[in-house]
Amino acid sequence: MLSKKINRWVWILGPTIAVVAIPIFIAEYVLTHHALSKGRTELHDIAVTYVQRADDMIAEAITTMKKLKLKGTDNCSIENREAFGRASFESYYIQQVGLATNDGTLLCGEPMGSLISPVRLPATSTGDPSIMIGILSGQHADTQAAVTLRINDTTRLVARLSPKAISLEAGDPRLTGAMAVSVYLDDGSLWWERKSHSERILAPDVIVEKVRSESLPIRVIVAAPPEAMLASVAELSNFSIIGAVVTGIFTLLVGMWISWQQNDGSDEFSRAVSAQEFYPYYQPVVDIMTGKIAGCEVLVRWIRDDGTVVPPGAFLPYAEATGLIREITRQLMIKTVEDIGPLYKANPQLKVSINLTATHFDNADIVSEIRQTYYNSGIAYRQLMFEVTEQHPLRDLDLSQQIFKEIQAMGAKMALDDAGTGHGGLAYLQKLGFDIIKIDKMFIDHVCYDVTSETIVHSLHDIADRLGLSMIAEGVDATDQIRYLQNLGVEMAQGFIFSKPLPASEFVALVEAKANLMPDMPEEEEEVGEYAA
Ligand SMILES: Nc1nc2c(ncn2[C@@H]2O[C@@H]3COP(=O)(O)O[C@H]4[C@@H](O)[C@H](n5cnc6c(=O)[nH]c(N)nc65)O[C@@H]4COP(=O)(O)O[C@H]3[C@H]2O)c(=O)[nH]1
């Protein structure tokens, strides 16, 4: 029992955990992968933007200085200095333009008279020997680049570039907050740098993108920790977790509901079978010519712990589908020996009929079970009758025929139950060799009012007659039905008009009292039923 419970919980929790964990795992994997690859692309684009800015700044400085060179600005004359001031004023990137000696000694610069810091020349070559780029060093907090253009053997034009332009933010703020950017010249000198706010910027898994300028000696390195990239999918990730948890809760509830349903049926039912909670009730079969009890039909009842009586319609389909009906029938047969064995021993004319299902004819076990149960018991084989309904098809007619023969060989009788209501009736009669036909309540109910029902009952009686079979009418609950059956020549009947199915003690008492179950019959005024003669 405990292991079943554990098993059930494993079956509920297993899918639940899978439903929660697998989507989270897949979503996390996909989102992380997507965020990192998107972040890497963004970093690369940011690096390209910085390179582009640096390229643009330097290109503008070179163009400006080339124009000045064309004007012959090779000394620090007033006009030249005015031209330097105008050029720097007109450019967004250039902060100052001036003249320096080839070794970097400053001669003049505008605006502000002279360059703030000494230029260390020559610096990095641009590929064009007349143009050099270097980094100014000195007291000024900002690191600044200077581009120089050779005018003659002794003099160079110098343009000092503002760091403002290069330091403009580029990219998604979620990423750029944690991002570090460094702009280098080819000689390794640092032009500009932006520090990261994240302590993780030096971690080994930090993501780094490097981009070189195609035309100038500029390198940009951009780095950011992976967390900064994952921030962009944090909301989606939360959604996926919430979605998976909600689905998991739903799966858990469905699992518990299914388990509860199954538990309600299967476990409880199996337990009831093991606990032998199934009891035979006995419905008297009456000789309607005398009113005497000729025998009974065993009808199963499930009597639960709390005393409630469950009718067979509520559990037989399940018992048949699971095959548990075999065990139930076995228990019922044993109980009949205990319940009515002594009564039947004392009244050898009594018969008892027991219902079998199609499952009982899947193999021949039922034969040995009958033999073992009734051998030397109070109930002789010849007092037994077994009913087989025609509503559920027998799977193997040859095997069934064999089983019929073995049961009949013991002295027991075989009855076709619910005759006329199923599909196999006539074929069964022809193939299986029944001894008795039981007419279903469905037809008996209407015999005195409905010509079709009367025709069917009449025909069945005719068939039984011709085949030498006996007949028992079921579900008789009115005196005109009794009269009709008597007139037709049907001798045996059962029904609520005689008695409902009874617990063993009541049935035994009824027989021992030699009760006459025939109800008071009204005077026969006219013939009942179209066919009654
Ligand atoms: N309304 C009304 N009903 C009447 C009257 N006379 C008898 N009945 C009911 O009709 C059913 C007759 O049994 P059945 O045709 O073999 O039909 C049985 C039989 O096919 C099956 N069954 C009952 N006990 C067993 C069993 O132990 N084994 C198997 N395999 N089937 C069983 O369940 C069916 C229903 O059994 P029950 O509920 O006991 O219902 C019984 C009985 O209580 C009547 O005058 N009026």
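Keep in mind that this is a model prediction, so the values were computed, not measured.
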Salt-bridge criterion met for Glu474 and Lys441 (N-O under 4.0 Å): no
Aromatic contact, Phe278 with Phe269 (centres under 6.0 Å): yes
For Lys431, all residues meeting side chain to side chain donor-acceptor pair (under 3.5 Å), sequence neighbours excluded: Asp398
pair Lys210-Val220: side-chain heavy atoms closer than 4.5 Å: no
Side chain to side chain contact (heavy atoms under 4.5 Å, CB included) evaluation trace for Val147 with Met65: CA-CA 9 Å; Val147 184; Met65 286 189 294; 3.7 Å; yes
Any donor-acceptor pair under 3.5 Å from Gln331 side chain to Val273 backbone: yes
Pairs satisfying disulfide bond (SG atoms under 2.5 Å apart), at least one member in residues 18-66, at least two apart: none
Heavy-atom pair of closest approach, residues Gly188 and Arg219: CA-NH2, 4.2 Å
Residue pairs, two or more places apart or on separate chains, that pass disulfide bond (SG atoms under 2.5 Å apart) and touch residues 191-231: none
Side-chain donor/acceptor of Asp396 to backbone N/O of Leu399, under 3.5 Å: yes
Smallest separation among heavy atoms of Val222 and Ala47, with atom names: CG2-CB, 3.4 Å
Pairwise side-chain contact, Tyr281 with Val309, heavy-atom cut-off 4.5 Å (strictly under): yes
Inter- and intrachain pairs under side chain to side chain donor-acceptor pair (under 3.5 Å), touching residues 59-69, at least two apart: Glu60-Ser91
Pairs meeting criterion disulfide bond (SG atoms under 2.5 Å apart) with involvement of residues 12-106, two or more places apart: Cys76-Cys108
Non-hydrogen side-chain atoms of Thr373 and Val337 separated by less than 4.5 Å: yes
Residue pair Thr329 / His360, side-chain heavy-atom distance below 4.5 Å: yes
For Leu394 against Phe361, the heavy-atom pair lying closest together: CD2-CD1, 3.8 Å
Heavy atoms of other groups near Ile78 CD1, more than 12 under 6.0 Å: no
Pair Glu110-Asn80, side-chain donor/acceptor within less than 3.5 Å: no
Test item: side-chain donor near acceptor, Thr359 and Asp362, under 3.5 Å: no
Any donor-acceptor N or O pair under 3.5 Å, side chains Arg326, Asn363: yes
Heavy-atom side-chain contact between Val181 and Trp192 under 4.5 Å: yes
Asp186 bridged to Arg212 by N-O distance under 4.0 Å: yes
Carboxylate-amine/guanidinium proximity below 4.0 Å for Lys195 and Glu193: yes
Phe89 six-ring centre to Arg86 NZ/CZ under 6.0 Å and within 45° of normal: no
For the student: nearest non-hydrogen atoms of Pro111 and Ser88, plus distance: CD-OG, 3.1 Å
Exercise: do Ser353 and Glu387 side chains pair donor with acceptor under 3.5 Å: yes
Under 3.5 Å: donor-acceptor pair, side chain of Ser189, backbone of Leu185: no
Minimum-distance pair of heavy atoms, taken over all atoms of Leu68 and Val97: CD1-CG1, 3.6 Å
Nearest-0.5 Å distance that lies between atom CG in Asp305 and atom CD1 in Ile303: 11.5 Å
Any side-chain donor near an acceptor of the partner, Asn102 and Thr154, under 3.5 Å: no
Between Thr357 and His392, a side-chain donor and acceptor under 3.5 Å: no
Cationic N near anionic O, under 4.0 Å, Lys335 to Asp339: no
Cation-pi, Trp302 ring and Arg304 (6.0 angstrom, 45 degrees): yes
Phe404 ring center near Phe386 ring center (under 6.0 Å): no
4.5 Å side-chain heavy-atom contact, Ile151 and Arg156: no
Side chain Asn152, main chain Thr155, donor-acceptor under 3.5 Å: yes
Non-hydrogen side-chain atoms of Ser182 and Leu190 separated by less than 4.5 Å: yes
Side-chain donor-acceptor contact under 3.5 Å, Arg150 with Ser130: no
Polar side-chain atom of Ser368 near backbone of Asp365 as donor-acceptor pair, under 3.5 Å: yes
Polar contact flag, side-chain donor to acceptor under 3.5 angstrom, Asp55-Ser213: yes
Glu227: salt bridge (Lys or Arg N to Asp or Glu O under 4.0 Å) partners, not counting sequence neighbours: Arg200
Worked verdict on Glu369 versus Arg330 for salt bridge (charged side-chain N to carboxylate O under 4.0 Å, His left out): CA-CA 7 Å; Glu369 283 170 11; Arg330 203 183 63 79; 5.4 Å; no
Atom of Tyr428, atom of Thr389 and distance for their closest heavy-atom approach: CE2-O, 4.4 Å
